[in-house]
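Below is one structure, written out as structure tokens; the observations come after it.
Note that the numbering runs from 1 along the sequence shown for the chain.
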Amino acid sequence: MNGRADFQEPNAEVRRPIPHIGADYIPTEEERRVFAECNDESFWFRSVPLAATSMLITQGLISKGILSSHPKYGSIPKLIFACIMGYFAGKLSYVKTCQEKFKNLENSPLGEALRSGQARRSSPHGHYSQKSKYDSNVNDHSSFVTSPAADSMEKELIPHYEPIPFSASMNESTPTGITDHIAQVKVNKYGDTWDE
């Protein structure tokens with residue numbers, strides 16, 4: 001029974017199956033157009049400005065002496081690194097905007113998958129989350145009705161992780177090799193000092 005009720009609520013919304021978007025998916029012409037548009041806009045409106053800004057800031061820091069330049073290559077390695085980081089930061093910063101463009105597409109399997117992913121994240125807690133063995137007061141039954149096909153699709157699409165109880169990697173009982181021992185400084189009659 002999977003912990004789900006076998007009855008259907010009177011006003012329950014019937015879900016459409018989530019399209020499977022995998023490595024073998026071939027995008028439609030409209031999706032290709034949006035991909036190209038996203039690529040262009042993310043490059044010109046995010047990557048180029050962030051790369052240029054990060055290079056200017058890096059060069060300014062090198063000029064002021066805050067960052068050191070390489071003895072043989074000068075500031076070039078740090079500027080290249082700043083440019084690459086600015087480029088990727090620009091691309092990553094445009095992901096949400098691009099997802100919204102795909103969600104707004106009509107008759108797009110990719111847009112439908114993104115929209116259904118949004119609905120899954122905003123659904124009530126009991127439906128898509130795995131019951132943790134640490135949760136003792138979670139209700140075992142959900143009011144959602146699903147078919148066996150939807151259950152198998154849910155198992156494919158939603159990763160299930162085992163919960164890990166909180167534990168600090170460094171706590172007071174863990175030996176670290178760090179001691180509070182302060183070396184005593186000795187002074188001889190001439191004023192010379194040394195550690196013991």
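Side-chain contact between Phe88 and Ile84 is present, with heavy atoms from C-beta onward closer than 4.5 Å. Taking 4.5 Å as the limit, every side-chain heavy atom of Phe81 sits out of range of all side-chain heavy atoms of Pro77. Proximity of Thr97 to Phe45: side-chain heavy atoms (C-beta onward) are nowhere separated by under 4.5 Å.
The minimum heavy-atom distance linking Ser54 with Gly86 is given by the pair OG-CA, 4.0 Å. The two residues Ser108 and Gly111 have their closest heavy-atom pair at OG-N, 3.0 Å. Closest approach of Arg46 and Ser93 over heavy atoms only: NH1-O, 2.7 Å. Smallest separation of non-hydrogen atoms from Ile62 and Ser75: CD1-CB, 3.5 Å. When every heavy atom of Glu31 is checked against every heavy atom of Leu105, the shortest pair comes out as CG-CD1, 4.0 Å. Heavy-atom minimum distance, Phe35 versus Pro27: CE1-CB, 4.2 Å.
A distance of 10.5 Å separates OG in Ser42 from CD in Glu37, rounded to the nearest 0.5 Å. Note: Lys103 NZ to Lys96 NZ = 7.0 Å, rounded to the nearest 0.5 Å. The distance from the CZ atom of Arg115 to the CG atom of Leu110 is 9.5 Å, given to the nearest 0.5 Å. From Leu92, atom CG reaches atom OH of Tyr87 across 10.5 Å, with rounding to the nearest 0.5 Å. From Ile76, atom CD1 reaches atom SG of Cys83 across 11.0 Å, with rounding to the nearest 0.5 Å. Residue Lys91 holds its NZ atom at 9.0 Å from SG of Cys38, rounded to the nearest 0.5 Å.
Leu50 and Leu79 fall into different hydrophobic clusters, where Ile, Leu, Val, Met, Phe, Trp and Tyr side chains are chained together by heavy-atom contacts under 4.5 Å. Taking hydrophobic clusters as Ile, Leu, Val, Met, Phe, Trp and Tyr residues chained together by side-chain heavy-atom distances below 4.5 Å, Leu56 does not share a cluster with Leu61.
The backbone N or O of His70 sits nowhere less than 3.5 Å from a side-chain atom of Lys78 that would complete a donor-acceptor pair.
Surrounding CG of Asn107 are at most 12 heavy atoms belonging to other residues, nucleotides or ligands under 6.0 Å away. Around CD1 of Ile66, the count of heavy atoms belonging to other residues, nucleotides or ligands within 6.0 Å exceeds 12.
Ring-centre distance between Phe43 and Tyr94: not below the 6.0 Å cut-off.
Comment: Glu29 does not engage Arg33 in a salt bridge, judged by the lack of any side-chain N to carboxylate O separation of less than 4.0 angstrom.
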